[in-house]
Amino acid sequence: MQVIDRRKALSIPPVWRLAFRPFFLAGSLFALLAIPLWIAAWTGLWPGFQPTGGWLSWHRHEMLFGFAMAIVAGFLLTAGQTWTGQPGVSGNRLIALAVVWLLARLGWLFGLPLALLIPLDLLFMLGVTGLMARMLWVARQKRNYPIIAVLGLMTAADVLVLCGIALGDDGLQRQGVLAGLWLVAALMAIIGGRVIPFFTQRGLGRTEAVKPRLWLDVALLVGTGLIAALYAAGVALQQNLGLGVLFLAIGAGHLLRLARWYDSGIWRVPLLWSLHLAMLWLVIAATGLALWNFGLLDSSSSSLHALSVGSMGGLILAMIARVTLGHTGRPLQLPSGIVSAFVLFNLGAASRVFLVTEWPLTGLWLAAICWTLAFALYAWRYAPMLVTTRVDGHPG
């Protein structure tokens, strides 16, 4: 970076210097508020008040397109600077994107008319996709073009959900949300396949990272994309033996990758075992959905929450805990309380997936409390890092 660029970057308030700062902070705060709010509404402790589309629609849409996409935006628009050598999104453009995200979240919660909410919600998705595409296009980063394809499809899934709400069609909403969830799983497969072996090698001081098997990575990406397409078309909402085989293959593929990445030393490093556990939840999710399609489980709900809570939420918490340290110039040493956050999070995920089947209310509240405490610990310990300058004095 040239000196004039450095001076310009340092003149920007720290929280607006790179996308991970506002979106990791806003996403974690949203997460710790949204889940207890949803459980309180679902159990009847919040009568009368209704967000746009009702509480179930709000919960399904906002945990995916509000919370998860905030973190995705923060991660990708920050990583894009490293991948492409282009300046990251910062300053006024970042402020505008964050304001659009916030207005959409407030609009959903407080019942903004759909005529205003739909363009506002889609503007955020299109903004993230467009900014990321521009960075990759300028640098001709063809290796990362699949990420743009996934983001574009996420926007299409959001359109499905919005159409479902406008038409009062619950099935269409489920198609869009579940398609979007599996598109996030595709992003997890791409990003996780790159960073987890590398982080494991660096964290344990090994001489080299486990080399990827291209055929396996491609097969998982294609298979996961196919699942998303089948959900979008409504096919995957019904039990199907062929789908069961596909889910089983996806689970086996991710288990094979985890086995190849495994090193017993990860259990000494919370920043590593938290990542590996998050990907293990994806294996559990895919296996459970296979069993449901085979008629061996009565419901797909727990398996879908193994993906959305255990895997997606777990990978988010583990990644933002690590990325924040690295991008604020700090050593990779977890602040006090964050190991407890990882433990609480996984206990909560286990409660949501397994305990709920026997003790629904107890399981839901325990899961909500663990989730909330985990993200509250992150926000408490990391917010000061996100709103202040890097400790090494560099911009970013």
Under a single-linkage definition using a 4.5 Å side-chain heavy-atom cutoff for Ile, Leu, Val, Met, Phe, Trp and Tyr, are L304 and F345 assigned to the same hydrophobic cluster?
yes
Can you find a pair of side-chain heavy atoms, one from L237 and one from L178, that are under 4.5 Å apart?
yes
With distance as the sole test, does R322 use its side chain to make a donor-acceptor pair with the main-chain N or O of L275 at under 3.5 Å?
no
Is the shortest heavy-atom distance from the side chain of C163 to the side chain of V159 under 4.5 Å?
yes
Between the side chains of R60 and D170, is the shortest nitrogen-to-carboxylate-oxygen separation below 4.0 Å, so that they form an ion pair?
yes
May I ask you to decide if L243's main-chain N or O and N240's side chain share a donor-acceptor pair within less than 3.5 Å?
yes
All heavy atoms of S302 vs all of T357, minimum pair found to be OG-CG2, 3.8 Å
Please determine whether residues L122 and L172 belong to a single hydrophobic cluster, defined as Ile, Leu, Val, Met, Phe, Trp and Tyr linked transitively by side-chain heavy-atom distances below 4.5 Å.
no
L56 and W38, any side-chain heavy atoms less than 4.5 Å apart:
yes
Testing the basics here: between M154 and G180, what is the closest heavy-atom pair and its distance to 0.1 Å?
SD-O, 3.2 Å
Inter-residue atom distance L307.CG - S300.OG, 0.5 Å rounding:
11.5 Å
Using the benzene-type ring in the case of Trp, are the ring centres of F30 and W108 under 6.0 Å apart?
no
List the atom of I39, the atom of A368, and the distance in Å for their closest heavy-atom pair.
CG1-CB, 3.7 Å
Shortest non-hydrogen contact between T287 and V283, atoms and distance
OG1-O, 2.8 Å
Given W16 and R21, is the side-chain contact (heavy atoms from CB on, under 4.5 Å) satisfied, shown in steps?
CA-CA 7 Å; W16 304 115; R21 291 176 174 274; over 6 Å; no
What distance separates F342 CZ from L377 CG, expressed to the nearest 0.5 Å?
10.5 Å
Pi-cation contact, W215 with R257 (under 6.0 Å, within 45°):
no
Check step by step if side-chain contact (heavy atoms from CB on, under 4.5 Å) holds for L204 and V269.
CA-CA 8 Å; L204 300 180; V269 186; 3.9 Å; yes
side-chain hydrogen bond (donor to acceptor under 3.5 Å, both in side chains) partners of Y378, counting only residues at least two apart
T324
Under a plain distance cut-off of 3.5 Å, with no hydrogens placed, do H276 and T200 share a side-chain donor-acceptor pair?
yes
What pair of heavy atoms forms the shortest contact from A104 to L117, and how long is it?
O-CD1, 3.8 Å
Donor-acceptor contact present, side-chain S28 to main-chain L25, <3.5 Å:
yes
Report yes if the side chains of P22 and L94 come closer than 4.5 Å at any heavy-atom pair, otherwise no.
yes
Would you kindly confirm whether L112 and L167 end up in one hydrophobic cluster when ILVMFWY residues are joined by side chain heavy atoms under 4.5 Å apart?
no
What's the separation between atom CZ in R352 and atom NE2 in H305, rounded to the nearest 0.5 Å?
4.0 Å
Is a salt bridge present between R105 and D121, judged by a nitrogen-to-oxygen distance below 4.0 Å?
yes
For a ring pair (Phe, Tyr, Trp, His ring centres under 6.0 Å) check, start with the C-alpha distance between F247 and W182, then their side-chain angles and the critical distance, and finish with the verdict.
CA-CA 11 Å; F247 277 118; W182 279 96; 5.5 Å; yes
Flag yes if more than 12 heavy atoms outside D392 fall under 6.0 Å of its CG atom; otherwise flag no.
yes
Close side-chain approach of V391 to T328, heavy-atom, < 4.5 Å
no
To the nearest 0.5 Å, what is the distance between NE2 on H327 and CZ on R390?
8.0 Å
Interatomic spacing from CD in Q81 to OG in S90 - rounded to 0.5 Å:
8.0 Å
So which heavy atom on S311 is nearest to which on M188, and how close?
OG-CE, 2.8 Å
Same cluster or not: are L187 and V222 linked, directly or through other Ile, Leu, Val, Met, Phe, Trp or Tyr residues, by side-chain heavy atoms under 4.5 angstrom apart?
no
Test log, rule side-chain contact (heavy atoms from CB on, under 4.5 Å), inputs H59 and I35
CA-CA 8 Å; H59 171 65; I35 289 300; 3.9 Å; yes
Could you check whether any side-chain heavy atom of W83 comes within less than 4.5 Å of a side-chain heavy atom of I147, counting everything from C-beta outward?
yes
Criterion side-chain contact (heavy atoms from CB on, under 4.5 Å) on F75 and F20, from CA distance to verdict:
CA-CA 6 Å; F75 177 82; F20 79 94; over 6 Å; no
Can you find a heavy atom in the side chain of F124 that is under 4.5 Å from one in the side chain of L97?
yes
Taking the six-membered ring where the residue is Trp, are the ring centres of Y382 and F375 under 6.0 Å apart?
no
Residue R143 excluded, over 12 heavy atoms near CZ under 6.0 Å
no
For L291, the rest of its hydrophobic cluster, which grows through side-chain links under 4.5 angstrom:
L241, V245, L248, W292, F294, L296, L297
Check for a donor-acceptor pair, side chain of T224 on one end and backbone N or O of L221 on the other, with a separation under 3.5 Å.
no
Do you know which of F23, W101, W371 makes ring pair (Phe, Tyr, Trp, His ring centres under 6.0 Å) with F67?
W371
Would you indicate whether the side-chain heavy atoms of W137 and K142 approach each other to under 4.5 Å?
no
From CD1 (I250) to CG (L226), nearest 0.5 Å:
8.5 Å
Whether over 12 other heavy atoms sit under 6.0 Å from R330 CZ
yes
